[in-house]
Structures are given as structure tokens and as C-alpha cells.
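As C-alpha cells, the structure follows; a few thoughts come after it.
Just so it is clear: chains get the letters A, B, ... in the order the sequence lines come, proteins before strands, and each one is counted from 1. Note that the structure is a prediction, hence the values are computed from the model and not measured.
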Protein chains: 4
Amino acid sequence: MRTKEGNKEQEILEAALRVFAEYGYPNAKVGKIAEIAGVSTGSIYVYYKNKEAIFIEIIERLWAQLVGQLRMIEQRTDITAIEKFDGLIDVLFDAFVDKPFLARAILNEFQEDINITKATYLEDYHEFLSIGKKVFLDGVAEGNFNPNFNVEVIKLFVLGGVRMLLHQWANDPQDLTINLLRQNVKYFCRRGILAQGR
Amino acid sequence: MRTKEGNKEQEILEAALRVFAEYGYPNAKVGKIAEIAGVSTGSIYVYYKNKEAIFIEIIERLWAQLVGQLRMIEQRTDITAIEKFDGLIDVLFDAFVDKPFLARAILNEFQEDINITKATYLEDYHEFLSIGKKVFLDGVAEGNFNPNFNVEVIKLFVLGGVRMLLHQWANDPQDLTINLLRQNVKYFCRRGILAQGR
Amino acid sequence: MRTKEGNKEQEILEAALRVFAEYGYPNAKVGKIAEIAGVSTGSIYVYYKNKEAIFIEIIERLWAQLVGQLRMIEQRTDITAIEKFDGLIDVLFDAFVDKPFLARAILNEFQEDINITKATYLEDYHEFLSIGKKVFLDGVAEGNFNPNFNVEVIKLFVLGGVRMLLHQWANDPQDLTINLLRQNVKYFCRRGILAQGR
Amino acid sequence: MRTKEGNKEQEILEAALRVFAEYGYPNAKVGKIAEIAGVSTGSIYVYYKNKEAIFIEIIERLWAQLVGQLRMIEQRTDITAIEKFDGLIDVLFDAFVDKPFLARAILNEFQEDINITKATYLEDYHEFLSIGKKVFLDGVAEGNFNPNFNVEVIKLFVLGGVRMLLHQWANDPQDLTINLLRQNVKYFCRRGILAQGR
DNA sequence: TATGAATGAGTGTTCATTCAT
DNA sequence: CATGAATGAACACTCATTCAT
């Protein structure tokens with residue numbers, strides 16, 4: 001038989017990522033994904049139920065990876081919550097440094113085209129947010145973080161801010177380096193906008 | 001401002017807003033917009049070149065309105081940059097308080113379906129950002145804002161954070177009140193995440 | 001506006017009948033129906049929900065017509081059940097005399113492709129059978145028909161026989177004239193296969 | 001008879017029969033047949049040229065069997081044509097008594113999906129009809145059958161009637177027993193619908 | 001202006017068949 | 001012989017847009 005070469009599934013995924021990123025989910029043609037993956041149209045459906053399943057797989061893998069990384073940071077005992085928070089920011093940025101395609105795809109995650117009810121991919125997303133929340137609360141317990149914030153609000157705000165920056169950067173990476181973004185975000189989150197002493 | 005402000009044109013716009021918000025741009029049917037506007041399908045094309053033009057018109061009007069409001073705040077001489085910054089946050093939130101539809105539509109603004117090259121709607125969007133930047137720089141000049149930030153980064157970060165919160169709130173407004181969001185954002189931007197005195 | 005010319009619906013139906021008859025339901029291409037109807041593919045869907053709906057419409061109309069004709073015959077008081085039975089046979093044959101296409105289409109009525117649960121078209125079909133049954137029972141009451149038959153069996157047998165003949169004739173009408181078929185069927189049903197006196 | 005009567009070939013045939021019967025020819029998936037036969041998809045094509053060939057093989061075998069049975073009856077010299085005719089009816093019914101699947105498959109024999117020009121399976125079918133015709137003509141010669149019929153018509157009529165009954169019974173075998181059908185058909189064919197003495 | 005019937009290009013998905021192993 | 005992964009042609013249906021009235 002023609003043996004499953006074992007990397008077609010992965011190649012389809014990578015091709016899909018590029019196509020989703022370039023055209024957006026609704027305009028991403030399955031045939032285009034197949035072409036880029038170097039595979040026939042029909043083969044796509046050997047590995048994935050349908051277009052949506054590919055998209056969901058991509059998102060799931062991303063969040064699973066991010067959750068894994070963040071969890072390692074959160075469990076360390078040798079650093080403060082402040083440093084863990086920095087780590088969280090780094091995890092987000094690192095995920096996209098050399099994958100602007102992924103950044104663009106993920107930014108459209110909530111597109112209405114995906115039947116969100118089917119998506120289990122939110123699990124890891126929520127887990128990520130949950131760990132982030134824990135880091136913050138630890139910081140409050142340590143006395144390092146301001147206890148007056150609503151954690152839900154802050155975590156969404158920070159996530160949204162990072163997303164926006166990555167989006168912009170993915171579209172036009174020229175003048176803003178990832179590290180500049182990263183540093184500014186970390187510092188802003190720590191000290192706010194005010195001048196020291198104010 | 002458009003030359004003709006007839007009833008139908010406005011009703012089409014409002015209907016479109018609802019349909020875009022409910023189904024997302026790609027799944028919004030022109031026929032559905034016509035139905036809700038109480039107009040025939042063909043009439044849509046009397047007033048707008050195509051579906052995309054309607055979308056762009058909506059976005060343009062939104063940003064035009066926001067720019068107008070922000071400009072008024074920025075030109076005041078009786079308040080500090082800190083207060084102007086708070087005003088900027090308020091402008092963003094106020095625009096969506098009773099229009100979650102609009103929030104959802106605008107949040108998908110960057111969907112790939114829109115041929116961004118055609119879109120002139122970015123003008124007011126960039127103008128908005130530009131004024132925001134000016135507020136920040138004034139704050140720096142006043143000595144109130146930390147001069148070490150890259151303004152481009154901060155403005156995108158804040159805008160992205162606000163968007164994310166509004167998105168979440170639009171989808172599920174139950175437990176997070178707009179004012180809670182607003183207060184947390186303002187305070188976070190001012191003081192950062194750290195406890196006072198740290 | 002481009003006015004609905006009022007006969008497109010009918011033309012689609014007639015085209016569909018020909019295409020169904022020629023290729024069978026599963027191989028009947030919607031595009032082909034449109035082509036023959038002198039209409040665009042999309043127009044098909046202006047008038048009918050989908051391919052199946054067209055098929056069902058055809059069947060429904062046929063049986064509705066047959067039921068109407070049979071009902072008139074059945075209600076007459078000036079003829080015996082024997083003559084009514086002859087009329088039933090005639091109704092069946094007449095329906096197809098100049099429409100061999102229809103005969104072929106109807107003969108595939110029970111194809112598995114049609115979701116029979118959705119089909120209300122069976123109503124008139126069953127009504128037809130029901131009236132046929134009544135004619136038979138009247139004949140029994142009159143003393144003209146043999147009371148020992150199971151009516152259900154006979155009605156299906158006769159219908160199936162007529163179908164088969166029409167099918168054959170539709171495929172190859174050359175040597176068997178409709179009237180020959182008709183006479184033989186009537187006579188066979190009346191007297192059976194046996195020689196008189198046996 | 002085929003040269004190779006291996007296990008797999010037979011199992012494929014039986015599986016195909018079930019799948020054709022359950023889903024109808026067009027919706028019968030080759031993969032499903034393979035699955036039920038306990039064979040790989042590819043193996044199907046080792047034994048049969050394609051899907052159609054399997055179908056044709058099934059039909060051919062059926063008619064071959066029926067012809068064999070009918071021929072034996074026809075050649076007997078100890079019974080009259082009337083009894084041979086009864087035997088013909090029995091042969092048809094017996095073929096399906098415990099194989100409603102086969103009944104349903106055969107009933108769709110004429111589906112347009114099968115390229116009839118290719119089908120040699122009509123040979124035995126026509127042979128069957130031919131023998132039936134001979135039985136009838138013998139009956140006429142004996143003086144037992146009514147000579148005024150067109151044999152072609154009668155044979156098709158009877159065959160069609162039996163088919164219809166079997167079809168109905170295959171779909172819903174509950175209330176009509178095979179033997180009831182059989183008796184009614186035989187009696188109807190002999191005596192017709194009229195009361196005795198009329 | 002206003003209409004809405006008509007259009008037809010465009011695409012996700014299926015599945016019979018092939019063929020490298 | 002047997003496999004089953006790979007193929008790609010085929011098709012129903014959608015819907016933004018047009019245009020005759």
C-alpha cells in the first residue's frame with residue numbers, strides 16, 4: 001500500500017496555517033491548502049473531517065503549547081510573581097516571534113464562522129487565563145501586586161493588548177521589534193503610565 | 001458627511017450594523033440587511049456600491065464620531081493629560097455602552113474579508129490614535145507621564161486591551177459592568193500592576 | 001424589475017422531468033435541468049428549494065391529477081364497478097400516453113435517494129390506491145367481483161403490472177401500442193388467464 | 001460459472017447485496033461493502049472491475065438461478081400448463097422469501113445508474129421471460145389458456161405485479177405474508193377479478 | 001428612485017478507483 | 001494476493017450583484 005508518510009498531517013497543518021493567515025478563515029480555500037501542502041484535495045479529508053477541524057486543531061495546539069510553558073513558569077518557587085508575570089508576557093510573545101502567520105490566525109480566533117459550541121479548543125485557552133489569574137493572585141498574596149484590581153478585567157486587558165501589538169507587528173513588522181514591544185508591555189504593566197514619584 | 005441623509009440610507013446602515021454584529025461580516029447576507037431595513041435588495045445598491053462599502057461606512061462613522069469626541073477633550077486647557085487620558089478611555093467605552101452590536105462589529109474590523117487597501121476608513125482610526133499619542137506626549141511634557149515608553153506601543157496596547165474587554169462584555173455582559181471595566185483600565189494604566197510604594 | 005415571467009417554474013418542471021427520465025434522479029444534474037429549461041442554475045433555486053423538491057413536486061402533481069380523474073369515475077352512478085375498474089386502468093395509461101418521460105420518472109419513484117419521510121407526495125398516491133380499493137369493494141358488493149381476494153394484494157399487483165408495461169413501453173414503444181396494452185390488461189384482470197368455460 | 005469461487009469473492013457479493021439493499025445502488029459505498037465483507041477496499045477491485053460489476057454479478061446470479069428452476073418446471077410432462085404457471089409464480093416468490101434484501105435490490109434493477117448497454121445480465125432475464133412465454137403458449141395449445149392474449153403483455157404484467165408485491169413486502173413485511181400474496185396472485189391470474197359465473 | 005427576479009461564478013466535500021508497498 | 005493511503009473529478013447549492021421594468 002501507499003504508506004502514510006507520517007508528515008502529511010503536519011504539512012497540511014502548516015499549509016493551513018499559512019493560508020488561514022494570509023486569507024482569513026472564510027477566504028481560505030481548501031484547495032489552496034492542499035496545493036501548498038503538496039497534497040491532493042482529497043487527502044485533506046483523509047486527515048481532517050473538514051476545514052473547520054483544521055482550524056480548530058491549529059488553535060488547540062497553540063494554546064496547549066502556551067499552557068504548558070506558562071504552567072512551568074507558574075510552578076517555579078525561585079522567582080516572585082512579578083517575574084512570573086514577565087514570563088507570561090514572554091510566553092505570549094515567544095509563541096509568535098517567528099510565526100507571524102500564527103499570530104494573525106489566532107487573532108481571528110473568535111470569528112463567527114467557527115461554531116464555537118463545537119470547539120473544545122477553548123479549554124486550554126481558559127486554562128491559560130486561569131493560570132495567569134493564579135500568578136496575579138499569588139502576587140497579591142506576596143504583597144507585590146495591587147489587590148484592588150478585578151483580576152478578570154486585568155487578564156483580559158493584558159491579553160488584548162498583547163494581541164493587538166502582535167497583530168500590528170505581524171502585519172508590518174518593520175519598525176517595531178518584538179523585544180521593544182515586550183519591554184514596553186512589561187514595564188507598562190508594572191509601573192503604569194505615570195512618571196515615577198507621582 | 002454624506003450629501004444625502006435620507007431615511008433609507010440610514011436605515012440600511014442600522015440594519016447592516018445589526019446583521020454584521022449578529023452573523024459576522026462574511027455570513028451577513030445582503031438580503032437580510034434589506035429585509036431588516038424594510039427595503040428591497042436592489043435598493044441597497046442604490047445607496048451603497050456593495051456590501052463592503054456598507055461595512056466601511058459604518059466603521060468610518062464610528063471613528064469619525066470618536067475622533068470628534070476625543071478632539072474636544074484634547075483641546076481643553078483646564079485639565080491635565082492624566083484627566084485627558086481618562087477621557088480617552090471613557091470615549092472608547094461610551095461608544096459601546098448601549099451598542100454591543102457596534103462593539104462586536106468593530107472588533108472584527110480587521111477581518112481579512114475587507115480589502116484593506118480600499119479602505120479609507122483607516123484615516124479617522126489613525127487620527128484617533130494620533131490624538132491619543134498627542135495626549136500622551138503632552139503628559140510627558142507636563143512631567144506627568146513616564147517618558148521612557150514607546151508611544152506607538154502603548155497606544156496599541158491600550159486600544160487592544162479595551163477592545164478585548166468590550167468584546168468579552170459584548171458577548172456576555174452579565175457580570176462585568178462597563179463601569180467596572182472602565183475603572184480598572186484607568187487605574188491600571190495609571191499605576192500599573194504593582195502595589196503602591198513598591 | 002425583471003418580472004417573473006410566470007412560466008419559468010413550469011419550464012423548470014418540464015425540463016426536470018425530461019432530465020430525471022433520461023438520466024435517473026441521482027444522475028440528473030441540476031445544471032442540465034437549468035440548461036434545458038433555458039434558465040440559469042441559480043434560477044432553479046429561486047423556484048425550488050433543492051433538487052429533491054423538484055422531484056417531489058413532479059410526483060405530487062402526477063398523483064394529484066390521477067386522483068382527480070379516478071375520483072370522478074368512482075363517483076359515477078351510471079356505471080358498474082367493472083366499468084369503473086376499466087376506467088382506473090385507463091386513467092393510468094392515459095397519464096403516460098404522450099409522456100413516456102413521466103412514466104420512466106414515476107417508475108423510479110421509490111428510489112432510495114429520496115428521503116421518503118419528508119415526502120408528502122405519498123398522500124395522493126395512497127389516496128389513489130384507496131379509491132381503487134373502494135371500486136373493488138363496490139364491485140364485490142354488487143356481486144360482480146370475486147369476494148375472496150385480498151384487496152391490498154390485488155391493487156398492488158395491478159398497479160405493479162401496469163407500471164411494468166408502461167416502463168417497457170417507455171423504453172421501447174415501437175411494437176406495443178398503448179391500446180394493445182390497455183385491452184390486454186383489462187381483459188386479463190376481468191377473466192384471468194384461463195380459457196372461457198374452464 | 002466463474003472460474004474462481006474463493007471465499008472473498010462470495011463474501012464481497014453477500015456484503016454488496018446487503019449494502020445495495022439498505023442504501024440503494026447510488027448511495028452504496030464501496031468502502032462499506034468492503035467493511036462488511038471483512039476485506040480491504042482494494043481487495044474489492046481484485047475480484048470485481050468496479051462497483052457496477054458487483055451489482056451486475058448479483059443480478060446475473062439471481063436470474064441464472066431463477067431460470068434454472070423455471071426450466072425444470074417447464075420441462076415436466078406430468079403437469080399441465082396451469083400448474084406450470086403456478087410454479088412460475090412460486091419460483092419468483094421463493095427466490096425472495098428469506099432474502100428481502102435481494103428483493104429490494106432487484107426491484108431497482110432498472111435504475112438508470114447502470115449502463116444497460118454493458119449489462120449482459122439481461123440474457124437470463126430474457127431467457128426467464130422466454131420460458132414463461134413458452135409455458136403460456138403450451139397452455140394455449142392445451143386449450144387451457146385463453147388464446148386471445150398478447151403473451152408479451154401478459155408476461156410483463158405478471159412480472160411487474162409480482163415485483164410490486166415483493167417490493168412492498170420487503171419494505172414492510174408485517175401484515176402481508178408471502179403465502180397470502182402467492183395465493184392471491186395465482187388465483188387472480190387464473191380466474192380474473194370477476195365473480196364465478198359472470 | 002425602487003424593485004426583486006435573474007444570474008453564474010465559486011467551493012467544500014464525497015467517494016470510486018488506483019497503485020506503491 | 002492484499003492493503004489502505006492517496007487521488008481528483010464531479011456537483012449541489014449560495015448569494016452578491018445586476019438590470020429590465
| request: Specify the separation, in whole Å, of atom NZ of A:Lys29 and atom C1' of E:dA9. | output: 11 Å
| Spacing between B:Tyr48 atom OH and F:dA16 atom C1', to the nearest angstrom | 17 Å
| said: Whole angstroms only, please: what is the CD-P distance between B:Glu52 and F:dC15? | reply: 18 Å
| request: Compare the minimum distances between each of E:dT18, F:dA16, E:dG12 and the side chain of B:Val30, then state the nucleotide with the smallest one. | output: F:dA16
| request: Round to the nearest Å and state the distance from B:Tyr45 atom OH to F:dC15 atom C1'. | output: 9 Å
| said: Under 3.5 Å for both donor-acceptor distances, Watson-Crick or wobble: does E:dA20 have a partner, and if so which one? | reply: F:dT3
| query | Could you state the CG-C1' distance from A:Asn27 to F:dA16, rounded to the nearest angstrom? | reply | 13 Å
| query | In whole angstroms, how far is the P atom of E:dA5 from the CD atom of C:Glu11? | reply | 17 Å
| Phosphate OP1/OP2 of F:dA6 contacted by A:Lys8 side-chain N/O (<4.0 Å) | yes
| query | The side chain of A:Val39 lies closest to which of these nucleotides: F:dC15, F:dT7, F:dT3? | reply | F:dT7
| query | Does D:Lys51 have a side-chain nitrogen or oxygen under 4.0 Å from the phosphate oxygens OP1 or OP2 of E:dT17? | reply | no
| request: Start with the C-alpha distance between B:Arg18 and B:Glu14, add both sets of side-chain angles, then the distance that settles salt bridge (Lys or Arg N to Asp or Glu O under 4.0 Å), and finish with yes or no. | output: CA-CA 6 Å; B:Arg18 287 174 53 191; B:Glu14 282 164 17; over 6 Å; no
| Considering only heavy atoms from C-beta outward, does the side chain of D:Ile59 approach that of D:Tyr125 to under 4.5 Å? | no
| Could you give the distance from CG (A:Leu17) to CG (A:Leu13), rounded to the nearest 0.5 Å? | 7.5 Å
| field | Atom-to-atom span, CD1 of D:Ile33 to C1' of E:dC15 - whole angstrom | value | 12 Å
| Given E:dA2, is OP1 or OP2 found less than 4.0 Å from the side-chain N or O atoms of B:Tyr47? | yes
| Closest nucleotide of DNA chain F for A:Ser43 versus for C:Thr41: which of these residues is on the 5' side? | A:Ser43
| request: Give B:Ala28 one of three labels, base, sugar-phosphate or nothing, depending on what nucleic acid heavy atoms sit under 4.0 Å from its own. | output: sugar-phosphate
| note | Between D:Ile44 and C:Gly31, whichever has its closest DNA chain F nucleotide further toward 5' is D:Ile44
| said: The side chain of B:Ser40 is closest to which nucleotide in this list: E:dT7, F:dG4, E:dA2? | reply: E:dA2
| field | Test item: B:Lys51 side-chain N/O and B:Tyr25 main-chain N/O as donor-acceptor pair under 3.5 Å | value | yes
| query | Across the strands shown, which category fits C:Ala34 at heavy-atom distances under 4.0 angstrom: base, sugar-phosphate, nothing? | reply | nothing
| query | Which whole-number value in Å describes the distance from C:Glu35 CD to F:dC11 C1'? | reply | 15 Å
| said: Looking at every non-hydrogen atom in both residues, tell me the closest pair between C:Val39 and C:Ile44 and how far apart they are. | reply: CG1-N, 4.3 Å
